[in-house]
Structure formats: structure tokens, C-alpha cells
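Taking it in order: structure first as C-alpha cells, then the write-up.
Here the structure is a predicted model, which is why all the values come from computation and not from measurement. Computed from heavy atoms alone, side chains included, the values below leave out hydrogens, waters and symmetry copies. In what follows, chains carry the letters A, B, and so on, assigned in the order in which the sequence lines appear, proteins first and then strands, with residues in each chain numbered from 1.
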Amino acid sequence: MSTDLLDKGYEPHEVEARWYEFWEKNRLFAAKDQSAQQSYSIVIPPPNVTGVLHMGHALNNTLQDILCRYRRLKGDNVLWMPGTDHAGIATQNVVERQLASEGTDRHELGRDKFIERVWAWRRESGGKIIHQLKRMGASCDWERERFTMDEGLSLAVRKVFVKLYEDGLIYRGNYIINWCPRCHTALADLEVEHEEKDSFLWHVKYPFPDGSGGITVATTRPETMLGDTAVAVHPDDERYHNLPAEEVILPLLNRKIPVIRDTYVDRSFGTGGLKVTPAHDPNDFEIGKRHNLPAVKAIGDDGKMTAEAGRYEGMDRFECRKAVLRDLEEQGLLIKTEPLKHNVGHCYRCRTTIEPNLSIQGFVTAKPLADRALAAVRDGRTRIIPEMWKNTYYDWLENIRDWCISRQIWWGHQIPAWTCEDCGELTVAMEAPTSCAKCGSTKLVQDTDVLDTWFSSALWPFSTMGWPEHTPLLKTFYPTSALVTGFDILFFWVARMMMMGLHFMDDVPFRDVYVHALVRDEEGQKMSKSKGNVIDPLVVINHYGTDAFRFTLAAFAAQGRDVKMSEKRVEGYRHFINKLWNAARFSLMHLDKPHPEISRKLSLPDQWILSRLRRVMQAVESNLDAYHFNEAAGALYHFIWHEFCDWYLETVKPSLYGQAGEEAKQASLGVLWRVLRESLILLHPFIPFVTEEIWNKLPGTEGSIMNACYPSDNAASAAIVLHPEAEARMETVMAAITGIRNIRGEMNIPPSMMLDVRVQSSDEQIRSLIEAEKALITDLARLKTLTVEKPGEKPKSAATAIIDKAVIFVALGGIIDFDKEAQRLEKELAKLEKEIAGVSKKLHNEDFLSKAPADVVDKVKEKHAGLSEKHKRFRPI
RNA sequence: GGGCGGGUAGCUCAGUUGGGAGAGCAUCGGCCUUACAAGCCGAGGGUCACAGGUUCAAGCCCUGUUCCGCCUACCA
């Protein structure tokens with residue numbers, strides 16, 4: 001026996017570093033390209049290469065790691081494909097900020113030099129998040145790590161672009177798009193975040209040319225009037241029948257613009273007059289097309305007013321707004337100003353207010369792709385879990401608009417399209433053409449735009465596996481088994497992977513999509529730098545250890561609800577890790593050699609704990625298979641702490657110390673060894689480090705726990721049988737012990753005082769059970785004597801505890817506080833009578849007796865009998 | 001405007017086909033009982049948001065109301 005096998009408290013950091021290095025070095029995360037084993041695969045949601053680990057990553061990757069480690073233990077060939085996303089705008093912004101601090105900018109540097117600079121940045125700082133994922137314990141197959149801009153994935157991107165173009169699903173056009181004047185690029189609709197802001201609705205009068213009144217329009221963005229090319233009214237609006245002129249004067253610029261009729265106009269809004277700015281409003285753009293209106297771009301790509309704005313040229317758009325209002329007011333054309341809440345769009349990368357703007361962009365025709373993505377979920381080829389997200393998914397895809405994929409930035413996949421400077425012919429190809437196919441000219445210029453970052457991430461499930469090559473990896477692991485992701489990128493990423501996967505692989509990219517919640521702070525607020533409520537996962541890891549942190553995330557990851565994180569919670573689960581550690585420490589004091597055999601002669605606690613182990617195995621498996629991470633974690637927590645530690649280890653002590661003979665000791669050692677061993681395997685997916693450490697201290701285990709076999713699948717599991725009868729008997733014994741402890745607590749009797757106890761029962765089985773477990777009860781309840789007898793006279797000066805089918809008397813001699821005891825029993829009696837009243841009311845209800853199912857009625861009858869029995873025993877008092 | 005989720009103990013939340021209201025933390029009381037004071041033993045605490053309905057039976061199903069949160073949308 002030795003106590004220095006484990007230190008007294010668990011110290012995570014050294015253990016974590018040591019084992020992670022061991023796992024990687026021994027290639028324990030490596031997937032096999034081909035194998036007879038069942039395949040299980042997950043592709044990581046690639047974090048931005050600029051990213052630093054936040055709570056969302058921590059949750060996301062913990063859940064994935066739990067699934068992957070679980071499937072490995074179950075014997076699957078597991079691929080967890082890792083990698084990072086080049087994050088076009090975000091990364092470009094980071095490097096641009098660096099340049100700015102050096103007093104230069106990308107234009108001064110030039111495109112090629114700039115891109116070189118970004119690659120250099122990526123080499124230096126781009127691996128940060130990968131390192132952080134490793135500290136979380138993520139068991140990705142790092143040898144296969146990919147990057148959305150690496151050679152293979154870039155090839156896949158070009159191939160997809162060319163194919164979509166050939167399929168007629170990519171087009172170029174002059175459309176109104178969302179323009180970020182700061183990032184200087186177009187954005188997809190999705191990339192615009194709307195926020196409700198307090199603003200004003202300004203009513204502006206556009207006079208008729210003859211000065212006889214005018215039409216008043218209402219606007220929230222008066223500066224755009226400089227680009228107005230019409231005023232629209234509803235055709236049925238009688239206020240605007242018989243106008244003095246079909247033209248009005250655009251104030252400030254004194255340009256004549258037509259009055260048009262369009263049913264889009266809402267007669268009840270404002271005065272029923274709408275100013276039409278085709279170049280700066282999506283609706284006006286549509287109206288403009290219907291009426292062949294010119295589009296005047298009054299706001300430039302830099303957010304400053306253009307020459308079209310006349311004397312406002314060069315002004316910032318918001319400065320211009322003030323100037324326009326001031327001038328209108330002076331001219332008496334500003335009729336009214338009323339407060340109004342309205343939505344303002346912002347760039348999701350830099351928060352700058354979006355400017356709807358007219359420009360030539362590339363689009364993907366989304367409808368045909370979306371239809372297949374819809375069908376695949378409708379017919380169940382891909383499951384979305386929890387189901388409530390299905391509706392959101394359907395809704396978006398059913399109303400999908402074409403996807404603007406061109407971006408006017410430099411960092412990204414440059415669009416593989418070349419224009420002939422001589423004849424204007426457009427060539428779309430995988431590789432740069434040497435000459436124009438039409439005129440033979442060699443003056444070909446590549447499109448300067450790059451593709452939306454999400455274009456390449458949409459290919460992730462197959463591009464990372466070597467597509468367009470037909471690799472063995474693809475064959476083995478596509479479609480992937482599960483995708484684990486937050487709902488914030490359901491549209492950005494999940495829906496688009498579905499579209500691309502179905503189009504190019506002719507199969508769904510994943511069987512299951514598990515959508516998890518957001519991690520919030522303890523008040524339920526979204527974590528953000530500006531609020532200062534961000535909890536840094538690495539700080540948490542440093543304070544409490546990775547295992548405690550992971551277990552916390554798993555334990556709070558209930559489906560459909562946000563995870564509220566606070567360090568205090570993690571602290572609670574650190575206690576759990578330490579509890580496990582100490583239980584192992586105790587066990588290892590006795591387990592000096594392997595004990596793989598299970599005796600045929602097992603004590604009641606031995607049978608009971610094996611039965612409970614079987615139950616927790618079943619619970620963990622069924623819950624993990626259903627993505628109920630919190631339930632699986634909860635079942636393990638309860639089993640380890642409140643069954644294994646609180647009861648089993650206490651009951652087994654006399655046996656381990658040889659007080660029940662050598663045979664009993666050997667039997668208990670066998671059970672202890674088995675339960676500890678299998679528990680470690682069950683726990684490993686959640687808390688990989690501490691389990692690996694203990695595993696390696698446990699005699700008779702070989703190599704890494706990662707090579708172990710899940711308990712339900714290994715040969716020894718035959719010994720772990722459900723034993724309901726043992727569970728019931730143990731429950732009775734535990735109830736007796738608790739009953740005695742209860743009295744001890746209520747009466748403030750110190751544990752050092754040994755008690756005399758008599759158990760009375762008319763049930764022969766109960767009497768023999770208590771008699772058989774006398775040693776156990778005596779030990780755990782700290783008794784001097786325990787007498788078992790048939791019901792008889794109540795002993796004098798005793799406190800009473802009533803359990804099912806037995807009464808327990810604790811002799812208290814002179815120290816009993818009669819008032820207190822009477823009060824205590826009175827309270828218990830009242831509780832009991834209330835229960836009986838409830839149950840007998842049911843049994844007197846004819847409808848219940850005739851309509852409720854027989855088993856339910858029986859159960860209630862049985863309960864009533866039990867309660868009555870108990871009640872009878874209260875009588876003598 | 002449309003949609004979704006939530007309201008259960010002081011706090012954070014479980015509660016899977018309707019039949020015993022639960023856990024963790026916090027609080028209170030007692031313990032250094034030979035793994036663990038990061039511990040052990042015990043106790044108290046709830047009109048399951050509100051109002052109806054279905055049912056023998058509702059935290060759970062239906063209708064309405066209300067409060068909170070989120071997503072989505074082209075009424076200037």
C-alpha cells in the first residue's frame with residue numbers, strides 16, 4: 001500500500017501539456033484513409049486565421065471533441081478535419097491596420113506586395129488559434145490541417161467557379177448592392193447587420209415648375225435626394241390626380257424630375273409621395289428599372305459625395321446630410337421633422353454604416369441550388385438538431401436571393417475570369433489563358449475582384465478531403481457524420497455547404513447538423529469587448545484546468561438554450577475533477593495489481609455498483625447519440641460523486657481493510673478495479689487529461705486510454721449486469737442508514753457517539769436483509785448495536801425513523817429532547833397524511849379507476865398501501 | 001411586419017410518448033469519521049408567468065394575455 005501514487009490534489013497543467021504531446025507524437029488523432037472500421041467524420045468550422053479563442057470556439061470544439069473521442073472509443077475510424085479560414089475582409093483589415101501604423105497603406109504597397117505581406121502575417125501569427133484549440137484538448141487530425149487559401153483548396157475554388165459559370169449559375173451585372181465605404185467592397189445581404197436607431201423622418205417639398213405648390217416626400221436619408229431621378233405616387237391616390245404638371249423641381253440642384261405612378265408606394269405613409277433614388281436604395285432601384293429611370297450616383301464608393309451632387313461634391317455623406325437639411329430649411333422646403341425609429345445596416349466586419357450602391361458585381365443564381373438543399377432536409381437525408389432550426393433553415397432558403405460573391409478587396413481567391421482588352425471577350429477558366437480564344441490577342445486582364453470568403457468555406461467538407469481528386473479519403477469520409485456549429489452561421493455556412501455539396505458531390509455534406517447555442521455571460525448578455533464582460537477561455541483554463549472547463553461546457557450545453565458562463569461554475573466542476581482524482585487516489589492505495597476478474601460471490605454493494613455502472617453506461621451512450629451532452633455529463637457526475645464515492649467507496653472500506661475476510665476483499669478489489677477502469681473510459685471524452693493520467697497509474701491498463709475499448713463493447717462488460725433486485729435491496733439499506741443519520745443530524749448527536757438501534761419490521765425479507773447487512777449499516781451509521789426484531793413495543797427514550805416496511809428506533813437515553821422529537825414526528829406525520837389524502841382521493845374517483853390504465857391504477861394502489869402501512873406505524877406514538 | 005425560444009426553489013437551470021416537482025450553487029445546522037475541508041453528514045425552500053380549455057389526471061397538450069431574449073424583413 002502506498003499513498004504517493006497520486007498527489008493529494010490534482011494539478012492540471014503539467015498533466016495536460018504532457019499528455020497532449022504524447023497523443024500527438026503517437027498519432028492517436030490520426031484517421032486512416034481506408035479502413036474496415038466504421039467511419040466517423042467531422043469537419044471543424046474553420047476559425048478565422050485572425051481569430052483568438054473565444055467562448056464560442058471553446059464550446060463548439062469541446063462538443064466536437066467529445067463526439068470524436070467517444071466514437072474512437074467505440075471503435076470507429078474517426079476523422080476530425082481541422083483548418084482555418086482566410087477570412088478575406090477581417091484579415092485584410094488586420095494587415096491594413098498594421099500598414100497604417102507604419103504610415104503607409106496597401107495602395108502605396110501595391111497588390112502583389114500587399115498579398116505577400118498578408119502571407120507573412122499568417123506565417124507569424126496565423127497559427128495562434130490552432131495552438132489554443134490544442135490547449136482545449138481538441139483531438140483533430142492535425143497532420144491534415146488545411147487552409148482555405150492553400151493550393152488544393154484554391155484549385156477547388158477555381159474548379160467550382162468555372163463549373164458554376166458553365167452551368168449558367170454565375171452572372172455579372174450592374175445591380176444595387178450593399179457597399180461598405182470603409183472596407184471598400186460589396187457585401188452580401190447576409191453580411192449586413194441591422195440595428196434599430198433613433199432618427200428622423202424629414203418631409204421635403206419638391207415644387208412644381210410653375211411654383212404652384214408641389215409634392216411633399218418623406219425621407220430618412222435626405223442626402224440621397226441629390227441622386228433622385230423621380231418622385232413616385234400611388235396611381236390610385238386621388239390627391240395626385242390632376243396635377244398642375246407631371247414634373248417637379250428637385251430642390252438644391254434645380255433639376256426637373258418626372259412624377260411617376262407606382263403601386264409600390266404606400267399611400268398611408270407620410271404624404272404619399274416617395275422620392276426615387278435608383279442608385280442608393282434597393283426598392284428605388286426596382287422602381288427605376290420598371291420606369292426606365294436613370295440612376296444617378298450621388299455618393300461615391302468612398303462615402304463622399306460625387307460630382308453629381310453639385311456644390312456638395314467631396315463632402316462626407318453625413319456632413320452632406322446636415323448641409324442639405326440646413327439649405328432646405330433656408331429655402332422653406334423642409335416642411336416637417338418627426339422622430340422615427342428605423343433600421344440602419346452596418347458592415348458585419350467593421351460596423352460602418354452600409355451604403356446601398358450601384359455597381360457591377362458577380363452573383364450566383366441561388367434558387368436551383370437552394371431547392372436541392374431544401375429537399376435534402378425535408379426528406380431527412382440531413383437531420384437538423386434540434387429540430388426547431390429546420391424552420392429557420394427552410395425560411396431562408398425558400399426566400400433566398402442571388403448571392404453576391406464578388407468583393408473589391410485583395411486578400412482572397414481572385415476571380416478566374418479574364419477580359420480581352422482588344423475584343424472584350426470574357427474567358428472563365430481554371431488557369432490563366434495565354435491568348436483570347438476569340439481574337440487571339442494576348443492582352444488579357446484578370447478580374448481584380450476576389451470571391452466572398454464564404455464561397456470557399458462552402459466547399460470545406462469536400463475540398464479539405466482532396467476534391468476535385470477522387471481521393472480514398474473522400475470515399476471513406478464523405479458525407480461527414482456530423483457538423484457541430486453555432487446558429488449564427490446557419491445561413492452563411494451550413495446552408496451554402498448544403499447547396500455546394502449537393503451540386504458538386506451529388507450528396508449531402510453531412511448526415512447530422514447539431515446546432516448549439518451561444519455562450520453568454522452569467523447575466524445572459526452576449527459577450528463583447530465593448531461591454532467588458534468577455535471571459536477568456538485561456539484564463540479559465542489557467543485557473544481551473546481544461547478538464548474542469550470542458551466539463552462545465554458540456555454540463556450546460558442543453559439543447560436550445562444558451563450557455564451562461566461564469567468562472568464560479570467552472571470552479572464547481574473543478575471540485576468534481578478533484579473528487580474523481582481523490583477517488584482514484586484512494587482506489588490506487590488498494591489496487592496494487594490488476595484485478596480483472598469479477599468474483600461470483602459479490603456483496604450487495606458490489607452488485608449494486610456494477611448495476612449502477614451499467615445504467616450510467618446506457619445513459620451516456622443514448623444521450624451522446626442524441627446530442628444530449630448535458631444529460632450525459634450529468635449522469636456521469638451523479639454516478640461518480642453520489643454513487644461511487646458517497647456510497648460504494650464507503651461501503652467497500654471494511655472489506656478492503658480485511659474486516660470481512662480475504663475472499664470478500666479480493667471480490668471487492670475486482671469490482672473496484674472494474675468500476676474505476678470503465679468509469680475512466682466513459683469520462684474520457686469529456687475530461688480527457690485527468691482520465692488519461694489516472695488510467696496510466698492504474699495497474700493492468702495498457703497504453704493510452706485513447707486505445708481503450710468502450711465498456712459496452714468489450715468482453716468484460718458481461719460482468720457489468722443490471723441487477724434490479726440488488727438495486728432495490730441497496731436502496732432499503734441506504735434508506736435505513738439515512739434515516740439514522742437524519743436523527744443524528746436533527747438531534748445534534750456528534751458522529752463520535754455510537755448509537756444503539758433497533759429495527760422492527762413485520763416483513764421477513766426486510767428483517768433478513770437488515771440482518772444480512774448488519775455490518776454495513778453498523779459501520780456507515782456508526783452504531784454500537786443493531787437489533788432486528790418483529791414489531792413490538794416501542795422502546796423508551798428513542799427517536800423514530802420510518803422507512804418502507806420498517807421502523808427504526810434510535811436509543812437516545814438521557815439525551816433525547818422529547819419536544820424536539822415530537823415536533824419532528826408531527827411534521828413528518830402531517831406530510832405523510834397529506835400524501836395519503838392525495839392518493840386516496842384518486843382511489844375514490846370512479847373515473848380514475850375506470851379510465852386510467854391498469855398499471856397506473858395499480859401503482860397508485862401500491863403507493864397507498866405503502867403509505868398506509870407507514871401511517872399505521874406512527875400511531876403508537 | 002413575420003418567425004422562433006424562454007418565464008419552474010434565493011441564483012443558474014434540468015424535467016425526452018401527460019400519471020412521484022428535481023439538480024447544482026447559495027443559505028442554515030453538525031462534523032478534521034484512516035481518498036478528498038476543492039471534503040463529509042443532514043435541513044429548509046416552489047400558486048411550475050397569468051387566465052381559460054381538453055382529460056380520470058396538465059410544468060408537459062390547445063386557446064388567449066403578458067413580460068424577456070433572439071432571428072428575419074425592401075414602408076421611404
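For the pair A:Asp402 CG and B:rC74 P, the interatomic distance rounds to 14 Å; values are reported in whole Å. Atom-to-atom, NZ of A:Lys275 to C1' of B:rC74 comes out at 14 Å; the value is rounded to the nearest Å. At whole-Å resolution of the value, CZ in A:Arg782 and C1' in B:rG30 are 13 Å apart.
Checked against B:rC75, B:rG20, B:rA35, the side chain of A:Tyr264 finds its nearest nucleotide in B:rC75. Out of B:rA76, B:rC25, B:rA38, the shortest distance to the side chain of A:Thr220 is found at B:rA76. Listed candidates were B:rC36, B:rC56, B:rU12. Nearest to the side chain of A:Glu650 is B:rC36. For A:Cys645, whose side chain is taken as the heavy atoms from C-beta onward, the closest listed nucleotide among B:rA35, B:rU72, B:rG30 is B:rA35. Distance from the side chain of A:Pro853 is smallest to B:rG19 among B:rG5, B:rA43, B:rG19. Closest to the side chain of A:Ala583, out of B:rA43, B:rA14, B:rA35, is B:rA35.
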**Asked** Can A:Val810 and A:Leu812 be said to form a side-chain contact (heavy atoms from CB on, under 4.5 Å), step by step?
**Response** CA-CA 6 Å; A:Val810 179; A:Leu812 293 175; 4.0 Å; yes
**Trace of the ring-ring contact (aromatic ring centres under 6.0 Å, His included) decision for A:Tyr657 with A:His590** = CA-CA 9 Å; A:Tyr657 286 107; A:His590 300 277; 5.3 Å; yes
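When heavy atoms are screened at a 4.0 angstrom cut-off, A:Trp641 is found touching the sugar-phosphate backbone but no base atom. A:His642 comes within contact range of the sugar-phosphate backbone alone, with a heavy-atom separation under 4.0 Å but no base atom that close. Among the heavy atoms of the strands lying under 4.0 Å from A:Asn748 are primed sugar atoms or P, OP1, OP2 only; no base atom is included. Within 4.0 Å (heavy atoms only), A:Asp488 reaches no atom of the nucleic acid at all. Across all strands, A:Lys859 comes closer than 4.0 Å to no nucleic acid atom at all (heavy-atom distances). Within the nucleic acid shown, A:Val217 has no heavy atom closer than 4.0 Å to any nucleic acid atom. When heavy atoms are screened at a 4.0 angstrom cut-off, A:Thr738 is found touching the sugar-phosphate backbone but no base atom. Residue contacts shown for A:Asn845 are limited to sugar-phosphate atoms, with no base heavy atom under 4.0 Å away. Among the protein residues, A:Glu571 comes within range of no part of the nucleic acid, since none of its heavy atoms lies under 4.0 Å from any strand.
Here A:Glu387 pairs with A:Lys390 in a salt bridge; the nearest charged N to carboxylate O distance falls below 4.0 Å. Of the charged side-chain nitrogens involved, none lies within less than 4.0 Å of a carboxylate oxygen, so that A:Arg267 and A:Asp237 do not count as a salt-bridged pair. Remark: A:Lys831 does not engage A:Glu826 in a salt bridge, criterion side-chain N to carboxylate O under 4.0 Å.
When A:Tyr573, A:Phe556, A:Trp641, A:Tyr544 are each tested for a ring pair (Phe, Tyr, Trp, His ring centres under 6.0 Å) with A:Phe551, only one passes: A:Tyr573.
Nucleotides of RNA chain B nearest to A:Arg741 and A:Ala584 differ in position, and the one nearer the 5' end is that of A:Ala584. Each of A:Lys831 and A:Val860 was matched to the nucleotide of RNA chain B holding its nearest heavy atom; the match closer to the 5' end belongs to A:Val860.
Between the side chain of A:Arg261 and the main chain of A:Val233, no donor-acceptor pair closer than 3.5 Å is present.
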Between the protein and nucleotides 53-55 of chain B, list every N/O to N/O distance that falls short of 3.5 Å.
none

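The shortest distance between the side-chain N/O atoms of A:Lys841 and the OP1/OP2 oxygens of B:rA57 is not below 4.0 Å. Neither OP1 nor OP2 of B:rG3 sits under 4.0 Å from any side-chain N or O of A:Tyr393. In this model, the phosphate group of B:rC74 is approached by a side-chain N or O of A:Arg401 to a distance below 4.0 Å at OP1 or OP2.
Atom NE2 of A:His642 is surrounded by more than 12 heavy atoms from other residues, nucleotides or ligands within 6.0 Å.
The partner of B:rC4 is B:rG69, judged by Watson-Crick or G-U wobble contacts that both fall below 3.5 Å. Under the Watson-Crick or G-U wobble criterion, with both distances below 3.5 Å, B:rA58 is left unpaired in every strand shown. With a cut-off of 3.5 Å on both Watson-Crick or G-U wobble distances, the partner of B:rG64 is given as B:rC50. For B:rC40, the paired nucleotide is B:rG30, the pair qualifying as Watson-Crick or G-U wobble because both relevant distances are below 3.5 Å.
Judged by distance alone with a 3.5 Å cut-off, no donor-acceptor contact links the side chain of A:Glu631 to the base of B:rA23.
A:Phe586 carries A:Lys653 over the face of its six-membered ring, with the cationic atom under 6.0 Å from the centre and within 45° of the normal.
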